[in-house]
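Only one structure is covered here, and it is reproduced in the block below.
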Amino acid sequence: MDVQTRALASRTLAWRIALGAILLLALVLRLKGIHDPVLDHPGWRQGDTASIARNFAQLQLNPLYPQTDYNGPPPNYVELELQIVPFACALLYKVFGVHEIFGRLISIAFSLGTVGVLAYFGRWLFAGELAGLFAALLYAIMPGSIYYGRTFTPDTTMVFFLTAALYAIARLLVDEQALPARRLAGACALLTLAFLAKPVSVAALAPILALAGDRLRIRRRLEWGRLALYVAVPLLVLFAYDSFVSAHAEWHWASGITRLHVLPALQAGLTTVAGFALKWVRFNAVLDMLARGMLGTTSTALAILGFLFVARRARSAPLLWGWLAGGLAYTYVVVTVERVDYYMYLLLPLAALAGGAFLGRVAGAVTASALARGFKYAAAIAGIVLLAFVVQRSRATIRPYYYYAKQVYRDAIFLDKTLPPNAIIVMGHYDPSVLYYIDRYGWEEDPYLWTPFDEKSAIHKGARYFIDIEQNRFNKNVELCAWMQRFPVMNPNAQWIVYETDPKKIKPGAQVRWLAFRKAEFAGNARAWLDANGLCPLSQ
């Protein structure tokens, strides 16, 4: 008996060491670009997240009142998911100062946590130590997991809580005759955090219902009351949070996108032939994006093989198929409209489990076979070479995502040091990450669509600078460009032209020139008048 105990302890230690090596590999892969500004992909989302974290620290340390930098002077409350990463970041900012690297480090921690959860999840689900290790390894080296596992965004946090919640409830519904209240409460807390971290995780209801249905199929006691409570509490908490935040938010991102884009596209896809055809074309396009950009072709192939040949041998095949159905349904409804690759992040742990199970079966078969030891060593070496190749391909896939325009960063930092500390600005460019580094509150607008009336309104609310980032687009807006000539420019030779929009600084004769422009505009000669006066030139 002692020999068996020692052997089991030795095997467990070896498994943990292997998992530690996988975690180390995952960490190293996620450290690339960790010190970079949050101007890399997706800059607009990272800029929002970073600004919310800084505003928690500097304005209002309350997770129920997230604020962005745009739409004028604060407060600028926004309707978004519970800002777990920004709030944790803000607590660190209070101690160490504002450093965006904390946001990346928090995401890395949650990404590594998912690697660890998948190791235990896969080991239990497929009753194999190798299946768990391979699941963790695949997730560690998937291109989407590597890159987005170090971005200043909420998605990695959501994926961690989603994976942990499904693991916890699966263990209860598959292994337990009853549903212990304490363990069910823990699983419920994880699911609640997943829903709050990002509401797309409600797709987890599909595998949960599949688990419940399978338990009924094999005629085991289900305890409907407790299970209903497990599902209802997270949904009620999510509804309460969203209702509270929406009541004082100026920007309604989630509900606005759903109402204006997602639901109309779904209705068209369900009621018209053209809408269905377009939806189907886009569905195939985003699945290709998932396979190539997020999973990588090797992991995609392994996941498919896992579903075809190993899923039925899992402790709960309905869990896997339900997870797949929920993820694909969400992809069809939402991602075909908002075609962003990391919106399909929730499918990566599932693919890792399926692909890990297939690799575990193959490796187990080779190990247990009667092949000569030399062949087994050769197979192991071939596996290591394949791993190196897959890692290289993953890094090549995401290499463009690390790029950011260094000159843009320098220009933004220069303005941060140049403008008065509390200046309110209008930035002629859509990008929260650029506004974040200018570190001023105000408006971010398309300079081609912004009007003199809009600018007057902003000035009335305190805007004292207009930053012309997209100069050619600004110059094409003849009305705005002509109107802005009434204000002095800080530095005519600067990369970004900055107009001082203080009404006290209006140049002499500004109204006379404006009326002359309006007369030419009425005659259809607006561009000719600007050219004749050497104003608003268009680049060739």
Side-chain angles (χ1 to χ4, degrees), residues 11-32 108-150 156 159-160 163-164 166-167 290-291 293-307 309-311 314 320 323 345-367 376-377 379-398:
R11 189 168 177 175
T12 301
L13 178 61
W15 189 86
R16 290 176 177 172
I17 291 173
L19 176 56
I22 294 171
L23 287 167
L24 180 60
L25 173 63
L27 173 62
V28 170
L29 290 173
R30 284 154 180 75
L31 290 178
K32 178 178 172 59
I108 288 174
F110 278 110
S111 185
L112 297 181
T114 307
V115 172
V117 170
L118 284 171
Y120 287 91
F121 202 162
R123 185 176 69 172
W124 168 80
L125 187 60
F126 296 101
E129 295 174 336
L130 289 176
L133 290 176
F134 279 122
L137 179 61
L138 285 178
Y139 186 80
I141 64 174
M142 287 176 178
S145 177
I146 293 173
Y147 185 79
Y148 292 113
R150 38 76 68 195
T156 298
V159 169
F160 167 78
T163 306
L166 288 177
Y167 177 41
L290 170 68
M294 292 295 287
L295 298 175
T297 52
T298 301
S299 294
T300 300
L302 290 171
I304 293 172
L305 290 171
F307 269 99
F309 299 109
V310 189
L320 295 170
W323 193 340
Y345 206 160
L346 77 170
L347 286 168
L348 268 62
L350 171 64
L353 286 170
F358 180 79
L359 284 177
R361 293 281 297 181
V362 172
V366 171
T367 303
K376 293 181 180 180
Y377 284 143
I381 294 171
I384 294 172
V385 172
L386 177 62
L387 172 63
F389 172 77
V390 172
V391 169
Q392 186 274 332
R393 291 303 306 155
S394 291
R395 296 183 67 184
T397 298
I398 57 178

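Quick caveat: nothing in here was measured; it's all calculated off a predicted structure.
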For Ser111, all residues meeting side chain to side chain contact (heavy atoms under 4.5 Å, CB included), sequence neighbours excluded:
Arg30, Tyr139, Ser145, Thr156
For [X] against [Y], the heavy-atom pair lying closest together:
X      : Y      : result
Val366 : Ala379 : CG1-CB, 4.3 Å
Ala363 : Phe134 : CB-CE1, 3.8 Å
Ala357 : Val310 : CB-CG1, 3.7 Å
Ala131 : Gly122 : CB-O, 3.9 Å
Pro349 : Val159 : CG-CG1, 3.5 Å
Leu130 : Gly364 : CD1-N, 4.0 Å

Distance in Å, [X] [atom1] paired with [Y] [atom2], rounded so as to fall on 0.5 Å steps:
X      : Y      : atom1 : atom2 : result
Thr163 : Tyr120 : OG1   : OH    : 15.5 Å
Leu353 : Phe126 : CG    : CZ    : 6.0 Å
Leu138 : Leu359 : CG    : CG    : 5.5 Å
Leu350 : Leu118 : CG    : CG    : 10.0 Å
Met294 : Leu346 : CE    : CG    : 9.5 Å
Leu348 : Thr114 : CG    : OG1   : 10.0 Å

Show me, pair by pair, the donor-acceptor contacts under 3.5 angstrom made by side chains of residues 11-26, not counting sequence neighbours?
from: Arg11; atom 1: NE; to: Glu129; atom 2: OE1; distance (Å): 2.8
from: Thr12; atom 1: OG1; to: Leu8; atom 2: O; distance (Å): 2.9
from: Trp15; atom 1: NE1; to: Glu129; atom 2: O; distance (Å): 3.1

Validation row: Arg150, Leu29 side chains within 4.5 angstrom (heavy atoms)
no
If you look only at pairs with a residue in residues 379-394, which of them pass as a side-chain hydrogen bond (donor to acceptor under 3.5 Å, both in side chains), with sequence neighbours excluded?
none
Test item: Trp124 side-chain N/O and Gly132 main-chain N/O as donor-acceptor pair under 3.5 Å
no
State which residues pass ring-ring contact (aromatic ring centres under 6.0 Å, His included) with Phe110; sequence neighbours excluded, sorted by chain then number.
Phe160, Phe161
Qualifying residues under ring-ring contact (aromatic ring centres under 6.0 Å, His included), relative to Phe121, sequence neighbours excluded
Tyr167
What donor-acceptor contacts under 3.5 angstrom involve side-chain atoms of residues 296-306, with partners at least two apart or in another chain?
from: Ser299; atom 1: OG; to: Leu295; atom 2: O; distance (Å): 3.4
from: Thr300; atom 1: OG1; to: Ala291; atom 2: O; distance (Å): 3.2
from: Thr300; atom 1: OG1; to: Gly296; atom 2: O; distance (Å): 2.8

